[in-house]
Amino acid sequence: QVQLVESGGGLVQAGDSLRLSCAASGRTFSRYAMGWFRRAPGKERTFVAAINWSGGTTYYEDSVKGRFTISRTNAKNTVYLQMNSLKPEDTAVYYCAGYTTPQAMGGTILPTYWGQGTQVTVSS
């Protein structure tokens, strides 16, 4: 079955950087779009970023544009989220997500597969 395993979360200070990784298995990784979502304390899970099958097209939620970068290495079945200039409001559990389409459709469709999540805490 499809498995998504995140790593790279942690506790950082405002202005710091973190890189999340998601290792995928169980299907042909390079055929499908991938994404990242997050759930802040007391809130619903929301879209952060998505990338199409080839890495040629990316989408971002407005509050992270210019600070976060999603990328993928198909040869390693891995998707990344580079997070720079972190803010306390970025504090959340971050989830890797797998779509069943090659395109992420601007992040407007829901993924099918989810990782277990990794905690990111940004202190002020």
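Count residues from 1 along the sequence. Basis for what follows: all heavy atoms, side chains included, without hydrogens, waters or symmetry-related copies.
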Undergrad: Is any side-chain heavy atom of Met34 closer than 4.5 Å to one of Ile70?
TA: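 They are not in contact (no side-chain heavy atoms under 4.5 Å apart), so the answer is no.
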
Undergrad: Considering non-hydrogen atoms only, spot the tightest contact between Gly98 and Pro111 and give its length.
TA: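 Heavy-atom minimum between the residues: O-CB, 3.5 Å.
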
Undergrad: State, yes or no, whether a side-chain contact exists between Thr57 and Ile51 at a heavy-atom distance under 4.5 Å.
TA: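 Counting from C-beta outward, Thr57 and Ile51 never come under 4.5 Å.
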
Undergrad: For the atom pair OG1 (Thr91) and CZ (Arg39), what is the distance rounded to the nearest 0.5 Å?
TA: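 Rounded to the nearest 0.5 Å, the OG1-CZ separation comes out at 15.5 Å.
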
Undergrad: With a cut-off of 6.0 Å (strictly less than), are more than 12 heavy atoms of other residues, nucleotides or ligands near CZ of Arg31?
TA: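 Incorrect, the count does not exceed 12.
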
Undergrad: Looking at OG of Ser63 and NZ of Lys87, how far apart are the two atoms once the value is rounded to the nearest 0.5 Å?
TA: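 Separation between the atoms: 7.5 Å.
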
Undergrad: Go through the steps to decide whether Ser17 and Met83 satisfy the test side chain to side chain contact (heavy atoms under 4.5 Å, CB included), and finish with yes or no.
TA: CA-CA 5 Å; Ser17 299; Met83 305 185 294; over 6 Å; no

Undergrad: When rounded to the nearest 0.5 angstrom, what distance separates OG1 in Thr118 from CG in Leu18?
TA: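 It comes to 9.0 Å.
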
Undergrad: Please answer whether the main-chain N or O of Asn74 pairs with a side-chain N or O of Ser30 as donor and acceptor at a distance below 3.5 Å.
TA: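 Judged by distance alone, no pair lies under 3.5 Å.
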
Undergrad: Report the C-alpha distance between Leu81 and Val48 in whole Å, list the side-chain angles of each, state the deciding distance to 0.1 Å, and finish with yes or no for side chain to side chain contact (heavy atoms under 4.5 Å, CB included).
TA: CA-CA 10 Å; Leu81 185 68; Val48 175; 4.3 Å; yes

Undergrad: I'd like to know if the side chain of Glu6 reaches the main chain of Gln116, judged simply by a donor and an acceptor atom lying under 3.5 Å from each other, with no hydrogens or angles considered.
TA: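 Indeed, once roles are kept as given, a pair shorter than 3.5 Å links the two residues.
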
Undergrad: Okay, side chain of Asn52, backbone of Ala33: is any donor-acceptor separation there less than 3.5 Å?
TA: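 No.
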
Undergrad: Would a distance-only check, ignoring hydrogens and angles, find a side-chain to backbone donor-acceptor pair under 3.5 Å from Arg19 to Gln82?
TA: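 Such a contact is absent between Arg19 side chain and Gln82 backbone.
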
Undergrad: Can you tell which of Thr121, Val12, Val64 makes a side chain to side chain contact (heavy atoms under 4.5 Å, CB included) with Leu86?
TA: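 Among Thr121, Val12, Val64, the one that satisfies the side chain to side chain contact (heavy atoms under 4.5 Å, CB included) with Leu86 is Val12.
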
Undergrad: Is it true that a side-chain atom of Ser54 and a backbone atom of Gly56 form a donor plus acceptor pair closer than 3.5 Å?
TA: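 Checking the backbone N and O of Gly56 against the side chain of Ser54, a donor-acceptor pair under 3.5 Å is found.
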
Undergrad: Can you run down the ring-ring contact (aromatic ring centres under 6.0 Å, His included) pairs that involve residues 93-113, sequence neighbours left out, and say none if there aren't any?
TA: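 Qualifying pairs: none.
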
Undergrad: Could you check whether any side-chain heavy atom of Arg38 comes within less than 4.5 Å of a side-chain heavy atom of Glu61, counting everything from C-beta outward?
TA: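 Answer yes - side chains close enough.
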
Undergrad: For the pair Thr78 (side chain) and Lys76 (backbone), establish whether a donor and an acceptor sit closer than 3.5 Å, ignoring hydrogens and angles.
TA: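 Yes, Thr78 side chain to Lys76 backbone: donor-acceptor pair under 3.5 Å.
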
Undergrad: Under a plain distance cut-off of 3.5 Å, with no hydrogens placed, do Thr46 and Glu44 share a side-chain donor-acceptor pair?
TA: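 Side-chain D/A pair, Glu44 to Thr46: absent.
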
Undergrad: Under a 4.0 Å threshold between the charged nitrogen and the carboxylate oxygen, would Lys65 count as salt-bridged to Asp62?
TA: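 Lys65 and Asp62: salt-bridged.
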
Undergrad: Using the ring-ring contact (aromatic ring centres under 6.0 Å, His included) rule, collect all pairs that involve residues 41-89, keeping only residues at least two apart or in two chains.
TA: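 As it turns out, the ring-ring contact (aromatic ring centres under 6.0 Å, His included) pairs with a partner in residues 41-89, which skip direct neighbours, are Phe37-Phe47.
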
Undergrad: Side chain to side chain contact (heavy atoms under 4.5 Å, CB included) between Asp90 and Arg67: does it pass, once the steps are laid out?
TA: CA-CA 11 Å; Asp90 294 319; Arg67 299 188 299 122; 2.7 Å; yes

Undergrad: Indicate whether any N or O donor in one side chain lies under 3.5 Å from an N or O acceptor in the other, for Thr101 and Gln103.
TA: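 No - no donor-acceptor pair under 3.5 Å links their side chains.
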
Undergrad: What pair of heavy atoms forms the shortest contact from Ala24 to Phe29, and how long is it?
TA: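 Answer, listing the atom of Ala24 first, then Phe29: CB-CD1, 3.5 Å.
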
Undergrad: In Å and rounded to the nearest 0.5 Å, what is the OG to CD distance from Ser124 to Gln13?
TA: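 Rounded to the nearest 0.5 Å, the OG-CD separation comes out at 9.0 Å.
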
Undergrad: Determine whether Leu20 and Val120 make a side-chain contact, defined as any pair of heavy atoms from C-beta on separated by less than 4.5 Å.
TA: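 With C-beta onward as the side chain, the pair touches.
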
Undergrad: Counting C-beta onward and ignoring hydrogens, is there a side-chain heavy-atom pair between Cys96 and Trp114 closer than 4.5 Å?
TA: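 Cys96 does not reach Trp114 side chain to side chain.
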
